[in-house]
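In listed order, ligands and their atoms are each counted from 1. Numbering of residues begins at 1 and proceeds along the displayed sequence.
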Amino acid sequence: MKAFRDAVPDSMKLMASVKANAYGHGAVQTARVAEACGADYLGVAFLDEALELRRSGIGTPILVLGYVPAEGLELARRHDVTLALFREDILEAAAQLPAVGKRLKVHIKVDTGMGRLGKRAGGEAERFLERALKVPQLDVEGLFTHFAKADEADKTYTQLQFDRFDGIARYVRSNDLPIPLIHSANTAAGIDTPEWGGGMLRLGIGMYGLYPSAEVNRSRIDLQPVLSLKTEVVMVKTVPPGWGISYGTRYVAASEERIGTLPVGYADGFSRMLTGSAEALIRGRRVPVRGTICMDQCMVGLDAADLPGNPVQPGEEAVLIGTQGTERITAEEVAAKLGTINYEVTCMIASRVPRVYLRGGAVVEVSNPLGRETD
Ligand SMILES: Cc1ncc(COP(=O)(O)O)c(C=O)c1O
């Protein structure tokens with residue numbers, strides 16, 4: 001947050017995107033840190049995500065970036081949740097809300113070329129905006145769009161989207177429409193083209209210390225990943241030549257081999273599609289995952305690397321994403337093996353994986369939804 005605060009104009013507000021459990025990092029904990037770092041807004045995808053934050057005592061303004069059905073409008077108004085508005089029937093439903101003192105805050109979503117949500121730029125959006133401004137139950141606080149290719153080196157399409165959005169922004173200014181927050185930038189635009197971002201940067205992946213792609217200009221901002229995925233070796237055994245490992249015995253030991261078992265599998269977000277390519281770090285070295293990744297466990301070959309002081313013992317740390325000694329496995333490396341992006345790798349980490357929060361190297365919180373006392 002601080003790195004981005006320094007990199008973008010002072011006048012630009014910062015929204016911390018904590019949707020999808022804060023990209024796997026833990027929504028409530030991340031939102032609290034973002035609040036402490038001066039986030040002006042929080043962004044989520046669903047009303048339920050916003051309500052979870054409110055239940056946890058988060059008071060910062062929250063914008064739901066995605067669709068909220070008509071039956072959610074009153075709930076949103078009651079809990080001071082701002083909604084994205086882009087559908088005629090939802091506008092009509094808002095106009096039918098019982099008149100109470102409080103208005104429902106909305107940001108009108110404009111489609112400038114993402115083709116996902118929003119009223120199309122170039123007439124449709126302006127007309128919708130004018131109608132929304134006439135609904136007394138609504139407080140039209142914002143107007144926003146989303147870039148489809150801001151993370152690519154070629155900015156031609158982003159320029160086109162910016163120009164379309166700027167047309168509406170000029171319409172707002174020339175008609176003196178009272179809309180204080182006009183915004184378009186995601187992390188990639190915040191890094192490469194903050195001048196096209198309007199009044200607020202909607203910061204997602206960058207806040208987790210990850211770059212949105214290999215093509216953004218890394219020299220503009222220095223990011224370090226905040227997340228590691230760690231486990232420990234829970235069993236070590238030596239198998240004879242010909243011994244099969246895991247479902248389908250896709251791996252068979254060619255010679256006597258030491259095998260370690262890790263209590264993490266595809267149900268934790270360590271995808272089965274990593275079978276055959278995944279590695280873990282043990283004693284600062286890379287070791288291969290052996291055989292099929294199971295639902296809750298996977299095996300590693302402990303003889304393949306020259307592990308200092310081998311034999312490895314149960315209880316030793318294994319790193320699946322992160323740093324150990326001088327070795328590092330990045331979310332990008334895992335993503336490349338899966339044919340996806342770093343975003344998906346951290347989002348995949350399942351809710352049953354305990355989150356351990358550190359500050360300055362010291363544990364400040366452990367969140368383990370399954371770890372309740374039963375006696
Ligand atoms: C509408 C919207 N704004 C902002 C973001 C944040 O994007 P990023 O994580 O690339 O910064 C997202 C995330 O997908 C989004 O959907």
Side-chain angles (χ1 to χ4, degrees), residues 1 3-5 7-8 12-25 27 30-31 34 37 39-47 49-50 61-68 81-86 106-119 121 125 141-153 155 157-158 161-162 165 181-194 196-218 220-221 223 225-227 331-332 335 340-348:
M1 292 279 300
F4 278 92
R5 183 67 281 161
V8 301
M12 204 172 195
K13 290 180 187 291
L14 288 184
M15 170 189 283
S17 176
V18 294
K19 61 199 174 99
N21 199 26
Y23 295 38
H25 295 66
T30 305
C37 291
D40 301 284
Y41 239 104
L42 298 168
V44 295
F46 297 102
L47 179 58
E49 292 182 318
I62 305 174
L63 173 63
V64 181
L65 299 160
Y67 171 66
V68 174
V81 174
T82 310
L83 302 184
L85 188 65
F86 46 84
V106 292
H107 289 202
I108 306 292
K109 181 78 193 273
V110 182
D111 181 8
T112 54
M114 174 76 177
R116 190 169 66 176
L117 293 177
K119 284 295 196 186
E141 181 194 51
L143 183 72
F144 74 114
T145 194
H146 192 48
F147 293 132
K149 296 172 78 169
D151 60 335
E152 296 184 10
K155 302 299 180 193
Y157 195 75
T158 308
Q161 283 196 266
F162 167 73
F165 194 53
L181 260 179
I182 299 183
H183 52 104
S184 52
N186 54 4
T187 297
I191 294 174
D192 282 349
T193 54
W196 292 344
M200 182 160 70
L201 167 59
R202 300 191 306 270
L203 186 58
I205 197 79
M207 190 175 56
Y208 306 101
L210 300 173
Y211 289 95
S213 75
E215 292 187 27
V216 296
N217 183 356
R218 292 182 183 224
R220 292 215 51 228
I221 190 152
L223 299 177
V226 302
L227 175 145
E332 289 75 18
T340 185
I341 51 176
N342 50 8
Y343 293 70
E344 189 174 355
V345 170
T346 62
C347 282
M348 278 194 314

Using a cut-off of under 3.5 Å, which N/O atoms of ligand 1 pair up with protein N/O atoms, and what distance separates each pair?
from, atom 1, to, atom 2, distance (Å)
ligand 1, 3 (N), Arg202, NE, 2.8
ligand 1, 3 (N), Arg202, NH2, 3.3
ligand 1, 9 (O), Tyr23, OH, 2.6
ligand 1, 9 (O), Ile205, N, 2.8
ligand 1, 10 (O), Tyr343, OH, 2.6
ligand 1, 11 (O), Thr187, N, 2.8
ligand 1, 11 (O), Thr187, OG1, 2.5
ligand 1, 11 (O), Gly204, N, 3.0
ligand 1, 14 (O), Lys19, NZ, 2.8
ligand 1, 16 (O), Arg116, NH2, 3.1

Exercise for the section: Could you tell me the separation between the CD1 atom of Ile62 and the CD atom of Glu49, rounded to the nearest 0.5 Å? Expected result: 10.0 Å

Practice task
Return each pair, listed once, that meets side chain to side chain donor-acceptor pair (under 3.5 Å) where at least one residue sits in residues 198-216; pairs must be two or more places apart or across chains.
Solution key: His146-Arg202, His183-Arg202

Handout entry: Close side-chain approach of Phe144 to Leu65, heavy-atom, < 4.5 Å
Key = yes

Handout entry: Heavy-atom check, side chain of Leu210 versus side chain of Leu223, under 4.5 Å
Key = no

Practice task
Flag yes if more than 12 heavy atoms outside Lys155 fall under 6.0 Å of its NZ atom; otherwise flag no.
Solution key: yes

Problem - Neighbour count above 12 (heavy atom, 6.0 Å) for Tyr67 OH - result: yes

